[in-house]
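Working notes, beginning with the structure itself.
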Amino acid sequence: MTQTQTDTRILDVATAIETRVSVRQYVPDSLPQADLERILELGSKAPSAFNAQPWRFVVVRSEAVKEQLKAAAYGQAQITSAPATIVIYSDMEDVMANAAETAHPGMGEEGKARQVETFQNSFGAMTVEQRAEWANAQSYIALGFLMLAARGMGYDTVPMLGFDPEQVKTLLGLPAHAKIAALLPIGKAAQPGFPQYRHPLGRIVSYK
Ligand SMILES: Cc1cc2nc3c(=O)[nH]c(=O)nc-3n(C[C@H](O)[C@H](O)[C@H](O)COP(=O)(O)O)c2cc1C
């Protein structure tokens, strides 16, 4: 299986990982809404500390907004080439204000109260910026899930950090305290990406 194959068989996780490469040119209109929603749903299954789920996703499909997003990303053309770009950001103030909703229903009212207390104890004394950084780190787990979910369903992506976060926040009407983890253009490859090139395990793994 190569990254340019266009069938929509569900790939096993290892194959999705082995065939995921960054793609920067896309086939127009190559992302049906139902598949996009499934990918978003799978991305939302990412784990997070305390089950905080601080990530939020804005899907940019409008051509006009894509043009503006591209300008905020220093003209990177993959944004207008892809049928959609998912903006992954975190909103830890929203999490703090609604901590009870992240408590597992199985834990009942007592669990909700405990969850609120946990968030107050863990983050209440931090600055908004410090806890935003914490939430941003959690959101990268969702980014990974989104990329592999997309690849697993036969789609391609490219994670992007090359953008001006203040411009993107203004464009999308995000709160000032939001942290943007990445932009993620998504669709089917029109041109294959570069083959993967990674360190051998001997360079990055040690055993004690
Ligand atoms: C957090 C992050 C930010 C990145 N930002 C950009 C970007 O702004 N523009 C771009 O073209 N690629 C970007 N990339 C893609 C990397 O260049 C790419 O993942 C890396 O070279 C490995 O190649 P592969 O994804 O094809 O395996 C980014 C990747 C990550 C993980």
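Model, not experiment: these values are computed from the prediction. Atoms within each ligand, like the ligands themselves, are counted from 1 in listed order.
- Protein heavy atom at the shortest distance from atom 3 (C) of ligand 1 is L161 N, 3.4 Å.
- Within 4.0 Å of atom 21 (O) of ligand 1, not a single protein heavy atom is present.
- S22 OG, 3.6 Å is the protein heavy atom nearest to atom 18 (C) of ligand 1.
- Donor-acceptor pairing under 3.5 Å is lacking for the side chains of E67 and T80.
- The protein non-hydrogen atom at the shortest distance from atom 9 (N) of ligand 1 is Q76 OE1, 2.7 Å.
- For D12 and T15, the side-chain atoms include at least one donor-acceptor pair closer than 3.5 Å.
- L42 and A149 get closest at one heavy-atom pair: CB-CB, 3.7 Å.
- Not a single salt bridge (charged side-chain N to carboxylate O under 4.0 Å, His left out) links E18 to another residue, sequence neighbours left out.
- Ring centroid separation for the pair F123 and W134 comes in under the 6.0 Å cut-off.
- Which of P159, G144, A182 comes nearest to atom 28 (C) of ligand 1 through a heavy atom is settled by distance: it is P159.
- Taking the six-membered ring for Trp and the full ring otherwise, the centers of F119 and F50 sit less than 6.0 Å from each other.
- With contacts defined as side-chain heavy-atom distances shorter than 4.5 Å, the pair R131/E93 qualifies.
- Taking every heavy atom of V21 and a limit of under 4.0 angstrom, the matching atoms of ligand 1 come to 26 (O).
- Close approach to G162 involves these atoms of ligand 1, each under 4.0 Å from a residue heavy atom: 8 (O).
- Not a single N or O atom of V158, backbone or side chain, sits closer than 3.5 Å to an N or O atom of ligand 1.
- Looking only at atom types and distance, the side chain of H104 has no donor-acceptor partner in the side chain of N51 under 3.5 Å away.
- Closest to atom 12 (N) of ligand 1 by heavy atom, among R20, M160, R24, is R24.
- Only the side chain of R198 comes within 4.0 Å of ligand 1, judged by heavy-atom distances.
- Of all atoms in ligand 1, listed by their number and element, those nearer than 4.0 Å to a heavy atom of Q78 are 9 (N), 10 (C), 11 (O).
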